[in-house]
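Reminder, nothing fancy here: chain letters follow the sequence lines and each chain counts from 1. Hydrogens, waters and symmetry mates play no part in the numbers below; they use all other heavy atoms, side chains included. What you see is a predicted model, and the numbers here were worked out from it, not measured in a lab.
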Amino acid sequence: MALKHAHLDFHTLNPQQRAAVEHDGAPLLVLAGAGSGKTRVITYRIARLLLDGIPGERILGVTFTNKAAKEMRERMSELAGSRARDVQLSTFQRLGLSILKEDYEVVGLRRGFAIYDTSDQTSLLREMMRRLSVADRRLDASKVLDRVLAAKRQRLEEVPIDWGDDYEFAAHELYPRYREQMRAYNAVDFDDLILGAVDVLREPSRALKWSNRFQHILVDEYQDTSPDQLELLRDLAGDGHNLSVVGDDDQSIYARRGAVADNILAFTRQFAAAKEIVLDQNYRSTNNILRAANAVIANNAVRKMKNLWSASGDGDAIEVVACPGADEEAEFVAGTIQRLVYQGQSYQDFAILYRSNNQGRLLEETLALERIPYRVVGGQSLFDRKDVRDALAYLSFINNPTDEVSLRRVINLPPRGIGPKTLQRITEYAESSRVSLWSALRRVDRIDGLETRAHASVGNFVALIEGHADGLRARTTSGLAERVQHLFDALGLREHILESDDTAKVLGRRLENFDQVLHALRRFEQQAGSSGGLESFLRNTALARDSETEEESDVSKVTLITLHSAKGLEFPCVFLVGMEEDLLPHRRAVEEASDLGEERRLCYVGITRAQQRLWLTYASRRVRYGKGEPRNPSRFLDELPEGEGVIRTAANADGDGEEAEAAADAFFERMRSQLGIDPRESSDEPTS
DNA sequence: GAATCAGCAGTTTTT
DNA sequence: CTGCTGATTC
């Protein structure tokens, strides 16, 4: 044994980690507290399996993000070299897709099926609401969608009507239609990738093939799995004796996405003879920070007991800072950063964590004013921007002409004289003739009651698309970018953006976004092993909306990030801002009394991001929606331990602000003289 | 068919 | 205060 593992340095693992790496023969649950070396355990475990002679393609590692999969692959390669190459590492959705790619016809899909993301789904529902006039009042389609998806995930036949609220009613009416439409459009949503895969595995003719495919299955972030993901794992892993899962129930913060923390709590019940290993030695934070984290999370009733501890010292006390208002809070943060940077800390050592995105704005403004470089993590990803989505919608619809959501999105873009009225007439024809919208467009000659102009417009559109379609549908990837470029040129998409009367700044942004589509295509084309043409590209982009431009130039910047997105990250210095009632236990969570526990876990996640220093700040007044309101400190602050490790202070309004400004000025003077910049030249931004 | 206006609601969101 | 939707107007 020892010889076989010569490449793995087991001495760097603690006894629990090592037990988790070496365990064999029964299902394994690793309860990995924050900062306890979870990723190390998984990568070492996979490396160990490889060195034991398990072929890489028989090992499946499942993660929640592409980023995590990528990181794991890199770290595994370091440990196990080229053997790591064949290990199957993928997200749940990608796993589902790879199953459906082989056996899609079993669940009634056709070749070229499209993957709808949330905004496609919302458009579909909106369109249905309009057409069926289900809702007399204006209802938010995305809220209806929430209910529809919840029912679908539970494989309910109907959306239950409990309280008879409008959203429930609409969801109830639309649910069967939604499923019907998705089927007609040959489209699946993210959940369908999982549910469809489960259906494939339940098909007797395919079950065996799939349950034999993987010899070992490892799952990361198990606390975030949903019931359908659990089903998929069970069907794939059989009795589960070679299933190992790693997670932390205290960091389960995605109930809204369907995650059920119960999966992790019930693991040892669901999988017979499962072994449970707790990792609670923390390698990230000081004990003062860990004590605070432990104290807060201890107030959650239902959880696996873990008490994080560290072999390192107590470190600095954590600070609870009372601020008169949100402005002062932001200034306190900026001032403190500036002061510490002046003392030798780097900007990238700092992160500012908040509950909701809109809190980021004021922080951004203040940092900009103080000339502190920052980056905002999260927010809209490239593939969510309108112009990008428009371009992709063209491609999606050409790849899958039954994809009506995409077709409707682009049919009059740029405006080509096919307005709502024309479209409605054609839709009626399509419905009465029982053909797809695209087929109807192609037979525009047979549709009565269209104006000559509209008729001609439709004809032109059809001709334009058909002129490019064959070339684009080819399954080869080479030359794809060029063909798409031709299509976009013919459509005049770029010109359309140019013609808008946006400001130069916005316009530049939009063009940049638009051009990213072609860049992404070229990258895809050049990628070794990309094949499958447009279809593959589209699925890839649908499932990979991760950070595109993460690495570049983000080095020396402060990070602004939501608590949700901060999970898995760590920073030497962390500000947890907006520690207020209605904000950190978010108002909605308190009102619905549904899950205060999840809010507390969010707080816990935030605290445990900090390695050395932690500030928890709140404001006594905050301007929300244009009105100033008094605010109360978060109840979670009361749950912090009393005494030495925690200092409670007040940021007085002008003191810190001025101090910060002075520090900023001093700093910039230094920078300028170092860089040899004349101060007068660099006054592009008003300092006021 | 496109531009403008009024009214309303406002968490988080790995895919 | 903002951003989005639907309705109204040109």
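Each of A:Gly419 and A:Thr562 was matched to the nucleotide of DNA chain B holding its nearest heavy atom; the match closer to the 5' end belongs to A:Gly419. For A:Asn412 and A:Ser565, each mapped to the nucleotide of DNA chain B holding its nearest heavy atom, the one lying further toward the 5' end belongs to A:Asn412.
A donor-acceptor contact under 3.5 Å is not formed by the side chain of A:Arg256 with the base of B:dT13. Contact annotation: side chain of A:Arg94 to base of B:dT15, donor-acceptor pair absent below 3.5 Å.
Side-chain N/O atoms of A:Lys386 include none lying less than 4.0 angstrom from OP1 or OP2 on C:dC4. Within the 4.0 Å cut-off from OP1 or OP2 of C:dT5, at least one side-chain nitrogen or oxygen of A:Arg126 is found. Of the side-chain N and O atoms in A:Asn66, one or more sit less than 4.0 angstrom from OP1 or OP2 of B:dT15.
We find that CZ of A:Phe190 is positioned 15 Å from P of B:dT13, with the value rounded to whole Å. A:Leu583 has its CG atom 13 Å from the C1' atom of B:dG10, to the nearest Å. Between the P atom of B:dT15 and the CG atom of A:Leu100 lies a distance of 18 Å, rounded to the nearest Å. Nucleotide B:dT15 holds its P atom 12 Å from the CD atom of A:Gln229, rounded to whole Å. Counting to the nearest Å, the P atom of B:dT14 and the CG atom of A:Leu543 are 13 Å from each other. As rounded to whole Å, 13 Å separates atom C1' of B:dT13 from atom CD1 of A:Ile561. Taking atom CG of A:Asp146 as the reference point, atom P of B:dT12 lies 13 Å away to the nearest angstrom. Taking atom CD of A:Glu599 as the reference point, atom C1' of B:dT13 lies 13 Å away to the nearest angstrom.
When all heavy atoms are compared, the tightest approach of A:Ala171 to A:Arg147 is CB-CB, 3.7 Å. Nearest heavy atoms, A:Asn399 versus A:Leu534: CB-CD2, 4.1 Å. Here the closest heavy-atom approach between residue A:Ile253 and residue A:Asp224 is recorded as N-OD1, 3.9 Å. Residues A:Arg409 and A:Leu413 approach most closely at O-CB, 4.1 Å, considering heavy atoms.
Look at A:His564 and the base of B:dT12; the rings do not stack under the cut-offs of 5.5 Å between centres and 30° between planes.
A salt bridge links A:Asp120 with A:Arg389: at least one charged nitrogen is closer than 4.0 Å to a carboxylate oxygen. With respect to the salt-bridge test (charged N to carboxylate O, under 4.0 angstrom), the residues A:Arg355 and A:Glu599 qualify.
Aromatic ring pairs are classed by plane angle as parallel below 30°, tilted from 30° to 60° and perpendicular above 60°; the pair A:Tyr222 and A:Phe267 is perpendicular.
Of the residues in residues 601-610 of chain A, not one comes within less than 4.0 Å of DNA chain B through any heavy atom.
Picking from B:dA2, B:dT15, B:dT11 the nucleotide with the shortest atom distance to the side chain of A:Arg588 gives B:dT11. When each of B:dT11, B:dT13, B:dA2 is scored by its nearest atom to the side-chain atoms of A:Asn357, the top-ranked nucleotide is B:dT13. Taking the side chain of A:Gln93 as heavy atoms from C-beta on, and the options B:dT13, B:dA2, B:dT15, the nearest nucleotide is B:dT15. You'll find that the side chain of A:Ser356 is closest to B:dT12, out of B:dT15, B:dT12, C:dT5. Closest approach to the A:Arg355 side chain among B:dT14, B:dG10, B:dT12 is made by B:dT12 (side chain taken as heavy atoms from C-beta onward). Among the nucleotides B:dA9, B:dT11, B:dT15, the one closest to the side chain of A:His586 is B:dT11. Checked against B:dT14, B:dT12, B:dT15, the side chain of A:Lys567 finds its nearest nucleotide in B:dT14.
With a 6.0 Å radius and a threshold of 12 heavy atoms from other residues, nucleotides or ligands, A:Glu451 has its CD atom at or below the threshold.
Across all strands shown, A:Gly568 has no heavy atoms under 4.0 Å from either base or sugar-phosphate atoms.
Both cation-pi conditions hold for A:Arg539 and A:Phe113: the charged atom is under 6.0 angstrom from the six-membered ring centre and inside a 45 degree cone around its axis.
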